[in-house]
Structure formats: C-alpha cells, structure tokens
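These notes are about the structure you will find just below.
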Amino acid sequence: MSSIIIDGKAIGEKIRKEIKIDVERLIERGCRPGLAVVLVGEDQASRTYVSNKEKSSKAVGMKSELVVLPITVSQKELLDTVNRLNEDPTIHGILVQLPLPPHIDENKVIQSISPKKDVDGFHPENVGKMIIGQTSFVSCTPSGIMELLEQTGTEISGKHAVIVGRSNIVGKPMGQLLLQKDATVTYCHSKTEHLEDFTRQADILIVAIGHAKYITADHIKEGATVIDVGMNRDENGKLCGDVDFETVKEKAYAITPVPGGVGPMTVTMLLRNTLKSAQFTCSNYI
Ligand code: NDP
C-alpha cells in the first residue's frame with residue numbers, strides 16, 4: 001500500500017491566498033497588519049527561519065519589521081525592544097526567534113510580549129487559555145497540524161493520537177488540541193520505555209523529537225496517519241524529518257513529507273494569527 005502524501009505546501013498556499021484577501025480588505029479600511037520579528041545573533045538556521053517569515057508576511061501584504069540585535073545584547077535592551085513593539089500601534093504580532101543566547105532568560109522575554117500580540121502563542125496567558133478551550137493565539141506548528149488533519153478529512157474523534165515529543169512549543173500543545181477534538185491522547189518522550197508499544201497503537205502519530213529518520217515502519221500501525229514535525233539533516237546533508245519517510249509511506253494511510261509538510265503550515269499559521277490580531281485591534285477603532 002502506498003499512502004496519501006499530505007501536501008502542506010499546497011494547503012499552506014491556499015490558506016495564504018485567503019489571508020492575502022483579508023489583509024487587502026483591512027488595508028482598504030486603513031489598517032495594515034504588521035508583524036515584527038526579533039532576531040538575536042547570527043545563527044544561520046534562525047536567520048533562514050526569520051527571512052522566510054519576513055518574506056511570507058510581505059507576500060500577503062503585511063508590514064514586516066525585522067529587528068536584529070547583536071548576540072551580546074543585554075536582557076534589558078531586549079526587553080526594551082519588546083516593550084517598544086508592544087506600544088507600537090502599527091505592529092499587531094511580535095515574534096522573538098528562539099533559541100536565545102544563554103545569558104538571556106527566555107521565559108522572561110516570552111512573558112514580556114503583550115498576550116494580545118503574542119502570535120507565536122507561547123505566552124503563559126495564551127497557553128492557559130488554549131488548555132481551557134478559550135479563544136487564544138495557539139502555537140503555530142500544532143495549529144498548522146490541526147489544519148492539515150482537517151483539510152485532509154482525518155477523523156480525530158475517538159481515535160488514538162500518540163505524540164512523540166513533549167516540548168512546550170510542539171508536543172504539549174499538540175496533545176491538548178487533539179484532546180479538544182475528542183482524541184484519546186498519549187504522550188511519549190525520551191524516558192518512555194518501549195516506544196514502539198505506544199506508537200504501534202496510534203491512529204494518528206505525531207513525531208517531534210529532532211532525530212533524523214528515527215521512526216521506522218516497525219513503529220507504525222498499518223493505516224495510521226503520520227505527521228512528521230522534525231527538521232534534520234541526513235548523512236548527506238539533505239533536509240529530512242524524524243520519520244523514515246520511504247519505509248513508513250508504504251504502511252501509513254497518510255503521511256507528511258519533509259520538506260513540504262508541516263513547515264509551510266507553521267509560517268501560514270503565524271500569518272493567520274497576525275491577521276487575527278490586526279482584525280481584533282482594528283475593529284476597535286475602524
Ligand atoms: P525539543 O528538543 O524541544 O523537544 C524534543 C522532544 O523529543 C522532547 O520532549 C524529548 O523528550 C523528545 N525526545 C527526544 N529524543 C527522543 C526519543 N529518542 N524518543 C522519544 N522522545 C524523544 O524539540 P522541538 O519540539 O522544538 O522540535 C522537535 C523537532 O521538530 C526538531 O527537529 C525541530 O527542528 C522540529 N520543528 C519543526 C517545526 C516546523 O515548523 N516544521 C517547528 C518546530 C520544531 P524529553 O522531554 O524527555 O527530553
């Protein structure tokens with residue numbers, strides 16, 4: 001059996017077209033959505049992510065502000081920058097690219113972002129609201145995965161969803177979103193014994209661990225839907241996921257590729273959150 005390849009690139013592009021139309025409508029009413037991205041240091045991977053976010057926000061017609069700070073920036077200077085953006089009425093979304101250098105307290109920085117502009121959905125107020133099912137900004141990668149599952153007609157209610165990885169930005173919120181859609185959720189992590197005993201039970205398997213091709217066909221139940229969040233380099237330096245795509249695709253019902261699966265959805269959800277923030281703020285004065 002060969003599986004359905006979930007085309008995150010195409011689904012993301014379709015949603016971005018809709019976002020662009022909504023941005024144009026807002027601009028006609030005198031309100032241009034604005035996204036600010038703060039980058040500390042010169043890390044190559046972070047630079048690539050940031051430039052992708054900048055390009056994507058401009059492509060849908062948003063204002064894009066990139067603030068690059070040196071790796072030696074003090075915590076106070078970084079917090080002052082966030083505060084300035086919190087106060088800027090032309091900015092509706094603020095994102096501080098992680099990871100930050102070790103001398104900076106990441107939690108303090110996340111908490112300094114106004115929850116109303118926290119388009120990454122990392123602020124504790126938004127995380128708490130998401131868990132109790134109130135409207136909030138939801139972390140972009142898990143909400144992008146929910147969109148992929150929805151757009152491909154994946155049944156969630158009553159299904160067993162197994163999440164491998166429990167990070168605050170992917171694994172934990174992912175499980176909560178699936179729980180809200182009535183899945184039975186199991187979390188696995190680096191201390192889980194006999195991982196395959198759990199993954200083989202999964203109707204929906206989400207993998208976010210950061211180990212190239214770690215999940216093989218032996219970990220999969222025949223007919224499962226497999227979502228690969230990982231972004232790694234293989235032995236030839238080629239981009240690959242946490243799932244061994246070539247073998248798993250023969251057993252799964254549906255699977256996301258890397259690249260072209262989850263990645264494009266993460267950026268798309270960032271744009272959607274920024275649009276949502278602008279729609280809310282601007283409706284207060286238009
Ligand atoms: P983290 O490093 O923060 O978390 C990794 C998680 O995986 C931890 O919970 C860890 O367990 C668990 N883990 C590690 N090794 C194993 C193992 N052998 N078996 C089971 N669990 C394991 O990573 P992130 O969540 O930030 O990212 C995960 C991957 O997803 C990375 O490759 C990252 O690049 C990618 N990513 C992709 C995005 C996209 O848009 N496509 C967005 C965000 C991330 P423990 O808690 O016990 O340490």
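It should be emphasised that the depicted structure is a prediction, and the values quoted were computed from it without experimental measurement. Each ligand, and each atom within it, is numbered from 1 in the order the structure gives.
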- [ ] Have a look at ligand 1 and work out which part of I169, if any, has a heavy atom under 4.0 Å from it: side chain, backbone, both or neither.
- [x] side chain
- [ ] Specify the closest pair of heavy atoms between S277 and H92, including all atoms of both residues, with the distance to one decimal.
- [x] OG-O, 2.6 Å
Task: Co-membership, hydrophobic cluster, residues V243 and L148, 4.5 Å side-chain - done: no
Task: Side-chain ion pair, R84 and D80, N-O less than 4.0 Å - done: no
Open item on the list: At under 4.0 Å between heavy atoms, is it the side chain or the backbone of T266 that contacts ligand 1, or both, or neither?
Closed with: side chain
- [ ] Measure the distance from atom 19 (N) of ligand 1 to every protein heavy atom, then report the residue, atom name and distance (to 0.1 Å) of the closest one.
- [x] H189 O, 3.9 Å
Open item on the list: Strictly less than 4.0 Å: does any protein heavy-atom distance to atom 46 (O) of ligand 1 fall in that range?
Closed with: yes
Task: Minimum-distance pair of heavy atoms, taken over all atoms of Y253 and G223 - done: CB-O, 3.1 Å
- [ ] Do me a favour and list the nearest non-hydrogen protein atom to atom 29 (C) of ligand 1 with residue, atom name and distance?
- [x] G210 N, 3.6 Å
Task: Shortest protein contact, atom 43 (C) of ligand 1 (heavy atom only) - done: V170 CG2, 3.8 Å
Open item on the list: Could you check whether any side-chain N or O of S74 sits under 3.5 Å from a backbone N or O of E77, counting only pairs where one atom can act as donor and the other as acceptor?
Closed with: yes
Open item on the list: Distance under 4.0 Å to a non-hydrogen atom of G165: what atoms of ligand 1 satisfy this?
Closed with: 6 (C), 7 (O), 9 (O), 12 (C)
- [ ] Kindly check if the number of other-residue, nucleotide or ligand heavy atoms within 6.0 Å of OH (Y187) is above 12?
- [x] yes
TODO: State whether any protein heavy atom lies less than 4.0 Å from atom 40 (O) of ligand 1.
DONE: yes
TODO: For atom 9 (O) of ligand 1, find the nearest protein heavy atom and state the residue, atom name and distance (0.1 Å precision).
DONE: R166 N, 2.8 Å
Open item on the list: Among all the protein's non-hydrogen atoms, which is closest to atom 32 (O) of ligand 1, and how far away is it?
Closed with: M231 N, 3.0 Å
Open item on the list: Suppose we measure from atom 4 (O) of ligand 1 to each protein heavy atom; which comes out shortest, and what is that distance?
Closed with: S167 CB, 3.7 Å
Task: Residue-ligand contact A208/ligand 1, heavy atom below 4.0 Å - done: yes
Open item on the list: When you compare the side chain of M265 with that of I15, does any pair of heavy atoms fall below 4.5 Å?
Closed with: yes
Task: ligand 1 contact on H211 by region, counting heavy-atom pairs under 4.0 Å - done: side chain
Task: Partner of N126 by side-chain hydrogen bond (donor to acceptor under 3.5 Å, both in side chains), out of N273, D120, T135, D118 - done: D118
TODO: Considering only NZ, NE, NH1 and NH2 on the basic side and carboxylate oxygens on the acidic side, decide whether E13 and K17 come within less than 4.0 Å.
DONE: no
Task: Numbered atoms of ligand 1 (with element) below 4.0 Å of G263, judged on heavy atoms - done: 40 (O), 41 (N)
Open item on the list: Counting only nitrogen or oxygen atoms and a 3.5 angstrom limit, does Y214 reach ligand 1?
Closed with: yes
TODO: Please report which non-hydrogen protein atom sits nearest to atom 42 (C) of ligand 1, along with the residue it belongs to and the distance in Å to one decimal place.
DONE: T141 OG1, 3.3 Å
Open item on the list: Heavy atoms only, cut-off 4.0 Å: how does I209 contact ligand 1, side chain, backbone, both, or neither?
Closed with: both
TODO: Measure across R32 and G61 and return the closest heavy-atom pair with its distance rounded to 0.1 Å.
DONE: NE-O, 2.9 Å
Task: For atom 11 (O) of ligand 1, the option (of C140, S190, C240) bearing the nearest heavy atom - done: S190
Task: Shortest non-hydrogen separation from M62 to T274 and the atoms involved - done: SD-CG2, 3.9 Å
Open item on the list: Heavy atoms only: which of V229, T199, N232, V267 lies closest to atom 35 (C) of ligand 1?
Closed with: V229
Open item on the list: Tell me whether V164 reaches ligand 1 (any heavy atom closer than 4.0 angstrom to a ligand atom).
Closed with: yes
Task: Ion pair check, K213 and D242, cut-off under 4.0 Å - done: no
